[in-house]
Enquirer: 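Structure below; questions to follow.
Counting from 1, the numbers follow the sequence of the chain as shown. Keep in mind it's a predicted model, so treat the numbers as computed, not measured.
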Amino acid sequence: LLRQMVISKLIVGQKEFMLGYLWWIIEPVLMTFIYWLLFHKIFHRGGPDYHIFILCGLIPFKAVSSSFTQSHNALSGNLNLLSQLSFPRVFLPLANILSNHVKLLFGFLVVIITTSIFSNSISFSTLLFVVPFTLQIIMLCGVSMLLSVLGVYFADLQNIVQLIIRAMLFLSPIFFDISELPARYR
């Protein structure tokens, strides 16, 4: 049932778009270009492979932010389904997480291709993304289940989650080098 829910989310999520599944690749490429242009070219941040650095940060962040923003509505948005079928409620937030991470795998494909084009080599450490990928899914399972339950009781949770995600983006060291922070904040 969980697998079918994930497949359904992946199919329904792309059915209405003309480019469909290509957006899983186009979006990280365009977002990387925008951030690279803004932070590297305009604000003169980062080094020679800054676009790969941004790509490696934005792709997992997109999966986390999408999972968080969808999780608050996982139970409350599916009340009809919950009242008609008997199944583990945990499948609803899990389906969101897993579908977002299928898209994340396509983003990592973009990272591997970009790294091989611009760096002319892919190191073994590039392929070790499986470890943080798995840890990210485990962390998201706990947080998403909590948010899905809280979302039933607090409708304003959506706005709070979106603000926290936006703060996470700009407070994370995707756009700056951690050595630029004052010593007391490192």
Enquirer: Just so I know, are the side chains of P28 and L58 near enough to count as touching, which here means a heavy-atom distance under 4.5 Å?
Expert: no
Enquirer: Can you tell me which residue pairs pass the salt bridge (Lys or Arg N to Asp or Glu O under 4.0 Å) test with a partner in residues 56-81, sequence neighbours excluded?
Expert: E27-K62
Enquirer: I'd like to know if F68 and L163 are part of one continuous hydrophobic network [Ile/Leu/Val/Met/Phe/Trp/Tyr, side-chain heavy atoms within less than 4.5 Å].
Expert: no
Enquirer: Determine, stepwise, if the pair F154 / H72 fulfils side chain to side chain contact (heavy atoms under 4.5 Å, CB included).
Expert: CA-CA 9 Å; F154 305 109; H72 82 281; over 6 Å; no
Enquirer: Rounded to the nearest 0.5 Å, what separates atom CD1 in I52 from atom OG1 in T114?
Expert: 6.5 Å
Enquirer: Residues sharing V131's hydrophobic cluster, by side-chain heavy-atom contacts under 4.5 Å among ILVMFWY, directly or via others?
Expert: L135
Enquirer: Let me confirm one number: the OG-CZ distance from S65 to R166, rounded to the nearest 0.5 Å.
Expert: 10.5 Å
Enquirer: Just do the side chain to side chain contact (heavy atoms under 4.5 Å, CB included) check on L98 and R3 with the steps written out, would you?
Expert: CA-CA 9 Å; L98 294 176; R3 189 179 88 177; over 6 Å; no
Enquirer: Starting from the C-alpha separation in whole Å, work towards a yes-or-no answer on side chain to side chain contact (heavy atoms under 4.5 Å, CB included) for Q136 and L104.
Expert: CA-CA 11 Å; Q136 180 173 309; L104 176 77; 4.2 Å; yes
Enquirer: Taking the side chain as every heavy atom from C-beta outward, state whether Q158 and N73 have any pair of such atoms under 4.5 Å apart.
Expert: no
Enquirer: Once you round to the nearest 0.5 Å, how far does OG of S66 lie from CG of L140?
Expert: 10.0 Å
Enquirer: First locate atom CZ of F106, then atom CD1 of I59, and finally report the distance between them rounded to the nearest 0.5 Å.
Expert: 12.5 Å
Enquirer: How long is the gap from CG on L150 to CG on D156, to the nearest 0.5 Å?
Expert: 12.5 Å
Enquirer: Under the rule for side-chain hydrogen bond (donor to acceptor under 3.5 Å, both in side chains), what residues qualify as partners of H51, not counting sequence neighbours?
Expert: none
Enquirer: Go through the structure and list residues passing side chain to side chain contact (heavy atoms under 4.5 Å, CB included) with P93, not counting sequence neighbours.
Expert: A74, S144, M145, S148
Enquirer: Classify the side-chain pair S67/N100 by whether it contains a donor and acceptor separated by less than 3.5 Å.
Expert: yes
Enquirer: Supply the atom-to-atom distance L157 CG to T69 OG1, rounded to the nearest 0.5 angstrom.
Expert: 11.0 Å
Enquirer: I'd like to check L55 versus V29 (side-chain heavy atoms, cut-off strictly below 4.5 Å). Are they in contact?
Expert: no
Enquirer: Walk me through it: do I165 and F61 pass the test side chain to side chain contact (heavy atoms under 4.5 Å, CB included)?
Expert: CA-CA 9 Å; I165 289 170; F61 184 81; 3.7 Å; yes
Enquirer: Can you hop from L92 to I138 via hydrophobic side chains spaced under 4.5 Å?
Expert: no
Enquirer: Got a sec, which pairs hit salt bridge (Lys or Arg N to Asp or Glu O under 4.0 Å) with one end in residues 66-82, sequence neighbours left out?
Expert: none
Enquirer: Not counting sequence neighbours, which residues clear ring-ring contact (aromatic ring centres under 6.0 Å, His included) with F108? List them please.
Expert: F129
Enquirer: With heavy-atom distances below 4.5 Å as the criterion, would you say the side chains of I137 and C141 are in contact?
Expert: yes
